[in-house]
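A quick write-up on the structure given underneath.
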Amino acid sequence: MVDALKPASPRMVWGVSALLTALSDALQARFPVIAVQGELSGFTRAASGHCYFSLKDAEGQPAMLRCAMFRRAASLVDFAPRDGMTVELRGRLDLYGPRGELQFIVEAMRRSGEGALYEQFLRLKARLEAQGLFDVDRKRVPPPYARRIGVITSTGGAALHDVLTALKRRAPHARVFVYPTLVQGNEAPPRIVRALALANERRDAEVLLLVRGGGSLEDLWAFNDERVVAEVAGSALPVICGVGHETDITLADLAADLRAPTPTAAAELATVSRQQCLETLDGLERQLVRRVEQRLDAAAQRLDRMALRLARPGDALARQRRRLDLLSQRLGQVGPRRVGLQTQRLEHLEQRLARALPGQAQRGAHRLDALAARLEALDPRQVLARGYAWLDDGQGRALSSVRQLSEGQDLRAVLADGEAELRVGRVVCRDE
């Protein structure tokens with residue numbers, strides 16, 4: 001191989017392939033790994049996964065560099081490259097032999113100037129996530145059939161047109177309330193916050209759509225502002241956030257109740273398509289008709305049964321007559337039998353009573369005689385008749401001891417046939 005760093009001899013004649021190989025070696029030796037910045041143009045992704053595009057000068061100079069990014073490097077890109085996007089590429093220069101064209105082999109791609117901004121995005125995301133602003137538990141499900149929809153966006157952007165078009169197509173009956181605001185620049189965050197606060201204060205809408213078109217991370221930075229994220233998370237109304245394209249994710253998307261990949265998708269999430277509503281109504285209509293037919297069939301069958309019964313009232317009367325005859329027969333059989341049983345029971349009780357009364361009377365007489373004898377034995381007059389007397393102090397208080405007596409004391413003696421008044425002459429106590 002010819003040393004590419006040494007000047008070639010004027011007499012040396014190069015082959016095309018050898019010359020291109022030498023130039024390629026010289027480029028790789030002079031520019032081993034370099035970074036270049038420019039604007040994407042003609043970006044295509046092949047079925048193999050390789051990407052081919054051109055990089056134009058970002059300052060508008062007429063300069064263009066053809067680039068190739070193979071599948072492995074393309075799989076590491078964390079955004080969707082598209083024409084017009086300013087990017088920073090890292091790779092190496094090479095010559096494509098079949099066409100003898102200079103090309104840049106891309107080993108890494110990132111959005112130009114977004115490295116520090118993306119790091120700031122990650123730090124802010126971690127802090128707000130720790131505060132619970134992105135918690136799934138606090139997210140709500142927007143009403144599926146909202147009739148009043150609020151749209152927060154710029155009136156001059158394509159996002160509003162896309163949303164209104166989608167809403168007109170899917171839910172022409174819904175009323176739309178637009179809350180104009182800036183969506184880019186330093187003044188955008190406070191304006192977005194005021195629009196959200198106004199929508200929550202007025203409560204014109206049932207759900208809010210916070211939308212804007214695509215752009216770079218710097219273009220969408222207003223939707224990463226901490227004030228905007230807090231207002232979205234604290235909204236009393238459900239918020240559907242559709243900012244940028246499908247690959248664009250902002251912190252407002254994470255705090256919203258629903259995240260839509262595009263403004264049009266946000267309008268679709270906020271509504272149920274007219275076709276789906278019609279299909280649902282058709283299904284309900286079929287179900288209602290089927291239920292009504294079932295009820296009518298059941299009622300018709302019941303009416304037929306009643307009509308049959310009414311058509312032959314004599315049959316019903318005959319059935320009732322037979323039932324009454326049966327009950328009468330049963331009553332005729334049961335009545336005399338019950339009377340006979342009651343009569344027998346009364347006769348039996350009468351016989352028992354007749355047998356029991358004499359014995360009861362005799363036992364009562366014997367008991368009465370015994371009680372009379374006992375009462376007579378306890379009669380004090382029987383004791384007095386045997387020669388005893390009842391002494392008291394003349395006031396009815398009984399005297400039972402000589403210690404209750406004193407000489408000259410007046411006493412009364414009660415005998416069997418009368419009373420006598422006595423006076424004590426002398427008192428003698430036997431115990432003394």
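No experiment lies behind these values; they were computed from the predicted model shown.
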Applying side-chain hydrogen bond (donor to acceptor under 3.5 Å, both in side chains) as the test, list every pair that has at least one member in residues 140-162; sequence neighbours left out.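 Of all non-adjacent pairs touching residues 140-162, those that pass side-chain hydrogen bond (donor to acceptor under 3.5 Å, both in side chains) are Arg140-Asp257.
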Qualifying side-chain hydrogen bond (donor to acceptor under 3.5 Å, both in side chains) pairs with a residue from residues 76-85, counting only residues at least two apart or across chains: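 Passing the test, one end in residues 76-85: no pairs.
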Rounded distance [0.5 Å steps], [atom1] in [X] versus [atom2] in [Y]:
| X | Y | atom1 | atom2 | answer |
| --- | --- | --- | --- | --- |
| Leu93 | Leu102 | CG | CG | 5.5 Å |
| Asp94 | Arg66 | CG | CZ | 13.5 Å |
| Glu107 | Arg72 | CD | CZ | 7.0 Å |
| Asp325 | Arg330 | CG | CZ | 13.5 Å |
| Glu129 | Asp135 | CD | CG | 8.0 Å |
| Gln344 | Glu347 | CD | CD | 7.0 Å |

Looking at every heavy atom in both [X] and [Y], which two are closest together, and how far apart are they?
| X | Y | result |
| --- | --- | --- |
| Ala260 | Ala265 | CB-C, 3.8 Å |
| Val163 | Pro263 | CG2-O, 3.5 Å |
| Leu237 | Ala199 | CD1-O, 3.7 Å |
| Arg170 | Ala267 | NE-O, 4.4 Å |
| Phe79 | Arg110 | CE2-CA, 3.8 Å |
| Val228 | Ala222 | CG2-O, 3.5 Å |

Does [atom1] belonging to [X] count more than 12 external heavy atoms closer than 6.0 Å?
| X | atom1 | value |
| --- | --- | --- |
| Arg175 | CZ | no |
| Arg71 | CZ | no |
| Asn186 | CG | no |
| Glu350 | CD | no |
| Glu187 | CD | no |
| Arg169 | CZ | yes |

If only atom types and distance count, is the side chain of [X] paired as donor or acceptor with the main-chain N or O of [Y] below 3.5 Å?
| X | Y | result |
| --- | --- | --- |
| Thr280 | Gln276 | yes |
| Arg212 | Val183 | yes |
| Thr44 | Tyr52 | yes |
| Lys139 | Ala256 | yes |

Can you list the residues that meet the salt bridge (Lys or Arg N to Asp or Glu O under 4.0 Å) rule with Asp393, with sequence neighbours excluded?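 If we apply the salt bridge (Lys or Arg N to Asp or Glu O under 4.0 Å) test to Asp393, skipping adjacent residues, the hits are Arg397.
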Partner residues of Arg194 under the salt bridge (Lys or Arg N to Asp or Glu O under 4.0 Å) criterion, sequence neighbours left out: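 Once residues adjacent in sequence are excluded, Arg194 has no partner under the salt bridge (Lys or Arg N to Asp or Glu O under 4.0 Å) criterion.
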Can you name the residues that form a side-chain hydrogen bond (donor to acceptor under 3.5 Å, both in side chains) with Ser235, not counting sequence neighbours?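 By the side-chain hydrogen bond (donor to acceptor under 3.5 Å, both in side chains) rule, Ser235 matches Asn200.
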List the steps, then state whether side chain to side chain contact (heavy atoms under 4.5 Å, CB included) holds for Met85 with Phe43. CA-CA 10 Å; Met85 182 180 292; Phe43 186 90; over 6 Å; no
Taking the side chain as every heavy atom from C-beta outward, state whether [X] and [Y] have any atom pair closer than 4.5 Å.
| X | Y | answer |
| --- | --- | --- |
| Glu226 | Gln131 | yes |
| Val33 | Arg90 | yes |
| Cys51 | Arg45 | yes |
| Arg127 | Arg123 | no |
| Leu411 | Leu405 | yes |
| Phe104 | Leu55 | no |
| Ile240 | Pro142 | yes |
| Leu422 | Leu391 | yes |

Using side chain to side chain contact (heavy atoms under 4.5 Å, CB included), reason through Phe134 and Leu251 one step at a time and then give a plain yes or no. CA-CA 9 Å; Phe134 307 146; Leu251 298 181; 4.1 Å; yes
CA sep, side-chain torsions, deciding dist, call: Val232, Phe223, side chain to side chain contact (heavy atoms under 4.5 Å, CB included): CA-CA 10 Å; Val232 169; Phe223 294 88; over 6 Å; no
Residues that Phe70 engages under ring pair (Phe, Tyr, Trp, His ring centres under 6.0 Å), provided they are two or more places apart: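 Ring pair (Phe, Tyr, Trp, His ring centres under 6.0 Å) list for Phe70, sorted by chain: His50.
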Given Thr181, Ile152, Leu196, the one that forms side chain to side chain contact (heavy atoms under 4.5 Å, CB included) with Arg191: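 That would be Thr181.
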Dump the intermediate steps for side chain to side chain contact (heavy atoms under 4.5 Å, CB included) on Met69 and Leu89, then the final yes or no. CA-CA 10 Å; Met69 181 168 59; Leu89 307 179; over 6 Å; no
